[in-house]
Protein chains: 2
Amino acid sequence: MSDAQAVAKRSASKAEGDERHEAIYRAVSDAIVEQRLKPGARLREDALAEVFGISRTGIRKILQRLALEQLVTLTPRRGASVTRPTADEAKDVFDARQLIECGLMPDVARRMNEKEAAELRDMAQRERQALRSGQQSVAIRLSADFHVRLAQLSGNATLAAFVETLCSRSSLILAVYGHRGHLGCESHDHDDLIGYLEAGNGERAKAFMSRHLKAIEASLSMVEEEDSAPDLQQIFGG
Amino acid sequence: MSDAQAVAKRSASKAEGDERHEAIYRAVSDAIVEQRLKPGARLREDALAEVFGISRTGIRKILQRLALEQLVTLTPRRGASVTRPTADEAKDVFDARQLIECGLMPDVARRMNEKEAAELRDMAQRERQALRSGQQSVAIRLSADFHVRLAQLSGNATLAAFVETLCSRSSLILAVYGHRGHLGCESHDHDDLIGYLEAGNGERAKAFMSRHLKAIEASLSMVEEEDSAPDLQQIFGG
DNA sequence: ATTGGGCGTAATGTATACAATATAACAGGC
DNA sequence: GCCTGTTATATTGTATACATTACGCCCAAT
């Protein structure tokens with residue numbers, strides 16, 4: 001065990017394990033969403049356990065949670081790997097977002113207050129800033145956070161939690177099928193949406209969200225690479 | 001250990017552990033949904049481990065899955081207990097079902113074929129039969145299965161899986177807030193719905209589903225029992 | 001008599017040891 | 001030369017032992 005790991009372990013030994021687990025969960029989740037862990041990457045339990053300074057028991061718990069959110073795929077006797085979303089799954093996710101996020105807009109428009117609108121504007125600004133500075137993966141995460149916060153403002157915690165998983169999966173989909181340098185979300189879209197919501201125009205916001213999501217989906221290039229009988233000559237041969 | 005449990009243990013000793021885990025998961029899930037395990041009931045790991053003949057490790061895995069579906073509540077250092085849905089949660093669940101299940105009806109009407117319609121009719125008939133024979137908890141489960149199967153026919157696996165968790169939670173809500181002998185689902189409702197779907201009338205089916213869900217929700221008596229400073233005299237006193 | 005503190009028990013949280021199994025390397029045969 | 005069967009290694013699956021913590025009981029003091 002390295003010094004850094006030993007320190008991490010010590011500092012957490014008296015802290016509440018719950019928070020430590022939550023932190024590790026977020027660390028892995030963020031790494032996946034930001035494509036530092038690429039789809040298909042294997043997540044060996046021993047390696048993760050050593051990195052985070054806890055035993056495999058805790059790692060397995062976290063991997064199972066990630067698996068239920070469809071961020072990692074658990075293959076029996078083969079272990080965990082970062083999920084590689086299929087085109088079908090991508091369609092399902094965006095169809096679900098269409099139905100739910102659009103359906104929630106009227107509620108959000110009715111309930112949102114000034115403070116919450118300001119919070120959303122701040123998030124949208126930070127997103128634009130990340131885009132300008134070329135931090136695409138950070139921008140993807142901020143965009144997802146924006147959509148999640150929006151769903152939370154509907155007042156329905158159950159649907160908000162589901163939207164959160166949909167947005168996480170969307171980030172993964174974008175990381176796989178999105179064009180480099182083409183984020184999907186236009187930078188001003190979110191600001192426009194806030195305007196409609198502040199005006200209390202739920203129907204307008206709903207229609208705009210629909211176009212917004214359609215635009216993201218349309219920006220994807222849905223080509224599934226074949227994994228059966230790959231041309232080894234082409235891949236490895238000179 | 002009862003004979004049935006011993007048999008279950010023996011028959012699974014050489015079977016794949018995965019299926020065994022799935023079976024135990026369903027056994028617990030069913031027991032909760034059918035109110036054989038009442039809300040608030042504690043689920044001790046040792047007890048479950050002994051009953052099903054596996055160690056606590058596997059039990060914890062199952063409990064965590066049930067917790068993520070909100071069927072059980074995991075309190076740190078206190079263990080697992082069957083979730084007692086609050087009135088707010090109940091509202092969220094039924095609002096979510098309104099949005100999603102109704103929104104899926106047009107898709108179902110478009111995609112459903114004769115064989116699937118026959119399957120649904122069979123489920124509806126078995127549900128009526130259970131109702132007639134007074135097996136209320138069984139009828140609740142069959143009703144939930146009907147709604148889940150319907151969502152699956154939409155072709156969106158992601159939304160179907162979410163509807164499944166919503167229906168499970170609804171069963172729990174009905175078990176807590178429903179009147180005895182008043183199931184919520186009128187016995188002929190599901191048959192009527194199949195008729196609209198067979199006719200390809202998605203909008204009609206959507207409107208009917210909306211009324212159907214509203215009727216179920218309206219049949220509940222949303223009185224949350226106070227848990228702070230209960231009148232012990234009234235509860236325990238003669 | 002009731003409340004507060006201390007202690008014993010019981011249950012959960014965590015880590016580790018062991019068993020089962022899949023992958024990969026390698027040797028032998030067609 | 002390629003394919004197949006075997007063995008070795010590495011990784012996951014499972015159980016159990018230990019540590020930690022909460023609950024219930026008892027006793028004493030006000």
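Every chain is numbered from 1, with letters handed out A, B, ... down the list of sequences. Side chains included, hydrogens not; waters and symmetry mates left out as well; all remaining heavy atoms used.
- Residues passing the side chain to side chain donor-acceptor pair (under 3.5 Å) test with B:Asp95 are B:Lys91, sequence neighbours excluded.
- One interatomic measurement links the two molecules: CG of A:Leu63 to C1' of D:dT12, which rounds to 11 Å at whole-angstrom precision.
- The distance between atom NE2 of B:His21 and atom P of D:dT12, rounded to the nearest whole Å, is 16 Å.
- A:Tyr177 places a side-chain N or O within 3.5 Å of a backbone atom of A:Pro85 that can act as its donor or acceptor partner.
- With sequence neighbours left out, A:Asn156 forms a side chain to side chain donor-acceptor pair (under 3.5 Å) with no residue at all.
- With B:Ser133 as the partner, the side chain to side chain donor-acceptor pair (under 3.5 Å) test is satisfied by one option alone out of B:Gln135, B:Gln129, B:Gln136: B:Gln135.
- Checked by atom type and distance alone, the side chain of A:Glu34 never pairs as donor or acceptor with a backbone atom of A:Ala31 at under 3.5 Å.
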Identify all pairs in which a protein N or O lies below 3.5 Å from an N or O of nucleotides 10-12 of chain C, and state each distance.
unit_1: C:dA11; atom_1: OP1; unit_2: B:Arg44; atom_2: NH1; d: 3.4
unit_1: C:dA11; atom_1: O5'; unit_2: B:Arg44; atom_2: NH1; d: 3.2
unit_1: C:dT12; atom_1: OP1; unit_2: B:Glu45; atom_2: N; d: 3.4
unit_1: C:dT12; atom_1: OP2; unit_2: B:Glu45; atom_2: N; d: 3.4

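- Among the nucleotides D:dA15, C:dA15, D:dT14, the one closest to the side chain of A:Ile54 is C:dA15.
- The distance from atom CD of A:Glu50 to atom C1' of D:dT11 is 15 Å, rounded to the nearest whole Å.
- Rounded to an integer number of Å, the gap from CG of A:Leu74 to C1' of C:dA22 is 15 Å.
- The closest donor-acceptor contact from the side chain of B:Thr83 to the backbone of B:Val72 lies under 3.5 Å.
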